[in-house]
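See below for the structure under consideration.
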Number of protein chains: 2
Amino acid sequence: MTTTRERLVESARQLIAEQGYGPTTVAQVVKRADAHPGSLYHAFPTKQDLLVAVLENYLTRLRPQIVGPAWQDVDDPIERVFALLGLYRKLLVQSDHLFGCPIGSIALELHDPDPPVRALLVRNFDQWIGAVEECFAAAVDRLPADADPKKLATFVLTTMEGGVMLARSYRSLDAFDAAVASLRDYIARLTTPRTGGTR
Amino acid sequence: MTTTRERLVESARQLIAEQGYGPTTVAQVVKRADAHPGSLYHAFPTKQDLLVAVLENYLTRLRPQIVGPAWQDVDDPIERVFALLGLYRKLLVQSDHLFGCPIGSIALELHDPDPPVRALLVRNFDQWIGAVEECFAAAVDRLPADADPKKLATFVLTTMEGGVMLARSYRSLDAFDAAVASLRDYIARLTTPRTGGTR
DNA sequence: GTCTATATACGGATAGAC
DNA sequence: GTCTATCCGTATATAGAC
């Protein structure tokens, strides 16, 4: 059983992911949720309040919807990093290269978001970085002594965000794959120092 | 001496960079260009035609406005890669972390751009990658035999785009610096194999 | 707390004189 | 090719009955 409020947030989440925040109208949200304008404005006085709820919802979805499935059959911490990137690749394939990271898309669409929105974007990025940071932290014994798990996790995020951006623009996985392959090469050189070179 | 058309494109370019494409209104463009609606619609029948002109304009600006200044005092091809990233860092500092790559921002704002727009986004990305690819091509003798200059250049672009995205969201250079430092570490390990590890 | 109907503002685009 | 004035659709948000 779902409440009207839950259906509104879910509808808004989908529409914003598909079209962006600006182009998504409250009328569309109301229609997809099979609700009415009065109900929406009762739960969310402004459109931005709805966006805040969507961004809070993404915080609760990262582990069960993204990280969990990606790590389902992968135990090695370093491989989990690339399993996560592999999931984004799968989403690109499934969507015919239309997929975009919803957080990254909102972050770039809104050039100067109001503080509550920006704070939630930051929390979403922090959570993603934190998940990847766990992997590198679990593999510290295979990394150089001066390696910084959080720094590496941030690098993984920039690679994902940049890769998804280019995949959608090029309608091709080439750039995404090139970036991820380079990242894999880097991590391989980090984890197995002094033996690479010829592969 | 500038034509009305040139002033319109320049005004649109600035406003779109500041606010995004959707939020920029033709009324704003006309006002900043000190022109009138009739003139704009004479030169650009639709708002999208104006966007196309802006994206074509960016193609002509990359070398003189971005790449040229970044490489002014840098001859080493590998250092030129990081000088270019350094310029983006400078733009972030100067703008109090509000800067965003205009091409990347438009690419993510428009979830499914019309073909002429998408083609121009691709040409802009291609041109950026091409400039960095030149650097790696000029340094092939210092790279592993199987290194691919274009692949590396694409990786640099994802790092820049992801880094700029995070810098603007966090209002901080930390994530940008972490990504660029990781990239530098990678390139260092590529160019000086079998000697790294302790730095 | 849900619904219908609507106010109010603003956007892109156009008309037509000059 | 430039200007003034304006149309028309649509968007957020509100009013107020139930």
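Just so it is clear: chains get the letters A, B, ... in the order the sequence lines come, proteins before strands, and each one is counted from 1. Since this is a predicted model, take the numbers as computed values, not measurements.
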Student check: side-chain heavy atoms of B/Tyr58 and B/Ile66 closer than 4.5 Å:
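No; the side chains remain at least 4.5 Å from each other.
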Whether A/Asp49 side chain and A/Thr46 backbone form a donor-acceptor pair below 3.5 Å:
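At least one qualifying donor-acceptor pair exists.
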Whole angstrom is fine here: how far is it from [atom1] in [X] over to [atom2] in [N]?
X	N	atom1	atom2	result
B/Arg7	D/dG1	CZ	P	14 Å
A/Lys47	D/dT10	NZ	C1'	12 Å
A/Lys31	C/dT2	NZ	C1'	20 Å
B/Leu50	C/dG11	CG	C1'	15 Å
A/Leu51	D/dT12	CG	P	13 Å
B/Phe44	C/dG11	CZ	P	20 Å
B/Leu15	C/dG11	CG	P	12 Å

[N] phosphate, OP1 or OP2: any side-chain N/O from [X] under 4.0 angstrom?
X	N	answer
A/Thr25	D/dT10	no
B/Tyr41	C/dA13	yes
A/Thr46	D/dT12	no
A/His42	C/dT2	no

Go through the steps for B/Asp112 and A/Arg171 under the test salt bridge (Lys or Arg N to Asp or Glu O under 4.0 Å), then give the verdict.
CA-CA 10 Å; B/Asp112 194 5; A/Arg171 294 281 196 274; 2.5 Å; yes
With nearest nucleotide decided by heavy atoms, which residue, B/Ser39 or A/Tyr21, maps closer to the 5′ end of DNA chain D?
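The answer here is B/Ser39.
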What does A/Thr3 touch in the nucleic acid at a heavy-atom separation under 4.0 angstrom: a base, only the sugar-phosphate, or nothing?
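A/Thr3: no heavy atom of the nucleic acid under 4.0 Å.
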Report yes or no: is the cationic atom of A/Lys151 (NZ for Lys, CZ for Arg) closer than 6.0 Å to the six-membered ring centre of A/Phe136, at no more than 45° off its axis?
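Geometry flag: not set, cation outside 6.0 Å or 45°.
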Listed nucleotide nearest any side-chain atom of B/His36, set D/dT4, D/dT12, C/dT2:
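Per side-chain heavy atoms of B/His36, the pick is D/dT4.
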Please determine, for the side chain of B/Pro37, which listed nucleotide (D/dT4, C/dT2, D/dT2) has the closest atom?
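Closest of the options to the side chain of B/Pro37: D/dT4.
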Charged N to carboxylate O under 4.0 angstrom, A/Arg13 versus A/Glu10?
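Result for this pair is yes, salt bridge flagged.
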